[in-house]
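Remember, it's 1-based here, ligands and their atoms both numbered in the order they're listed. Just so you know, these numbers use all the heavy atoms, side chains as well, and skip hydrogens, waters and symmetry mates.
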Amino acid sequence: MTSLSAAPGTATEGAATAPHAEWARPGGDLRALVAGGAAYGAASVDGACGVVARHGSQVVDLAALARATRRDLVDILAAPSLNRLLAAGRRTWQDVDAWVASAIATGAADRFCHHADEVRMLLPVDVADYVDFYASEDHATNAGKIFRPNADPLLPNWKHLPVCYHGRAGTVVVSGTPIVRPCGQRKAPRAPAPVFGPTERLDVEVELGFVVGLGSQLGDRVAARAWRDHVFGVVVVNDWSARDIQAWESAPLGPMLGKSFATSISAWVTPLDALSAAWLDPPRRDVALLDYLADPPEPSALDIRLELVVNGEVISRPRFAGMYWTAAQQLAHLTANGASLRTGDLYASGTISGPTPGERGCLLELTWGGEQPLALAENRALSYLDDGDEVVIRASAPGPAGSVVTLGEVAGSIEPARW
Ligand code: MN
């Protein structure tokens, strides 16, 4: 059994800085928090659905604020999702950002503020297509060793193109939605025949997801350098995975029912414009890339740190900065064949894992295929998730002038299988 306290050094760095403190601060001074930029979501406020912005623990009802101060924005903000705002394009996103910041700074937003506990958050985006990548070299290597122990862990295409599969958009759910343990077909390696029943290997995947605002024309390619014109912002993603179902079904066409039962995203979308202090150069690549995958001139990797929390215990601290493929390259790859983008498309990074055990982003890796359970409190040996377990993924990034941008968390609890 692996002790959590024995996790290597880098896994615990930053633990004492409490990067999420301002998220939990009751009340909070809106004007002090505006420097980090707003995050956006959709909520039911006093029975009406609309777009909301969050600064600290305060939620601003933007539909109501628009009715009072910007009638021209009512159409895109009095809506049950962010999609109309997303479709309006980058100049409108920046216009709304500036308007919200000004309304907070002047106090004009005060009477449209609610405490986070008073509003019911909705799925922020009406998801069009959902694609999941596989962009962490450490994750791909570890998963390859576990699933194919007698072969090269990385398949020959991995360093030439950002590998991905098409997921199920209709089962993307907002943080807090209970996750019913999926049933499916599975077959243990030495079992004579498959069986059907609840998964025995329910896992999480710590990921970030990128939300497409502006679509593109069928037949056109979107260049990596143009990605900021199309991508509005980032959500935190938990790509729930049933490893036994996945292992048996995936050859030769990839994951399907082992993933499609649910994918959770944060209620809050953090605009890329709010991450201005978090950009980094991407890592060095080992092989020459084809031109369409060349990195854009401005930095396109993101310094975002995540925490995977099970039943209140932090079990991993993955870092997004080291991902081999960037969101810019992934968008260029998704459209390389002329496939069009639609408003509301969501593409996720793939499991975020780093080189040390304390930075691994799923239980498959953290417990090495279930063989090395983690020791949790109350003598719990965690290999895969039990009914009743609660999983939370938190994320934060450096903000302007030493501040911290806290991305919305994604949470979910496991309910028993229905069968
Ligand atoms: Mn995934």
Original post:
When the ring planes of His333 and Tyr292 are compared, do they come out parallel, tilted or perpendicular, using 30° and 60° as the limits?
Top reply: parallel

Original post:
By atom name, which N, O or S atom belonging to Glu207 lies closest to the Mn ion (ligand 1)?
Top reply: OE2

Subject >> Cationic N near anionic O, under 4.0 Å, Glu205 to Arg243 >> reply: yes

Subject >> Shortest-distance N/O/S atom, Glu205 versus the Mn ion (ligand 1) >> reply: OE1

Original post:
Does any N or O in the side chain of Ser266 come within less than 3.5 Å of the main-chain N or O of Val236, such that one atom is a donor and the other an acceptor?
Top reply: yes

Original post:
Of all N, O or S atoms in Asp239, which has the smallest distance to the Mn ion (ligand 1)?
Top reply: OD2

**OP:** Quick one: report the N, O or S atom of Asp132 that is nearest to the Mn ion (ligand 1).
**Re:** OD2

Original post:
Backbone N or O of Ser260 within a donor-acceptor pair of the Thr171 side chain at under 3.5 Å?
Top reply: yes

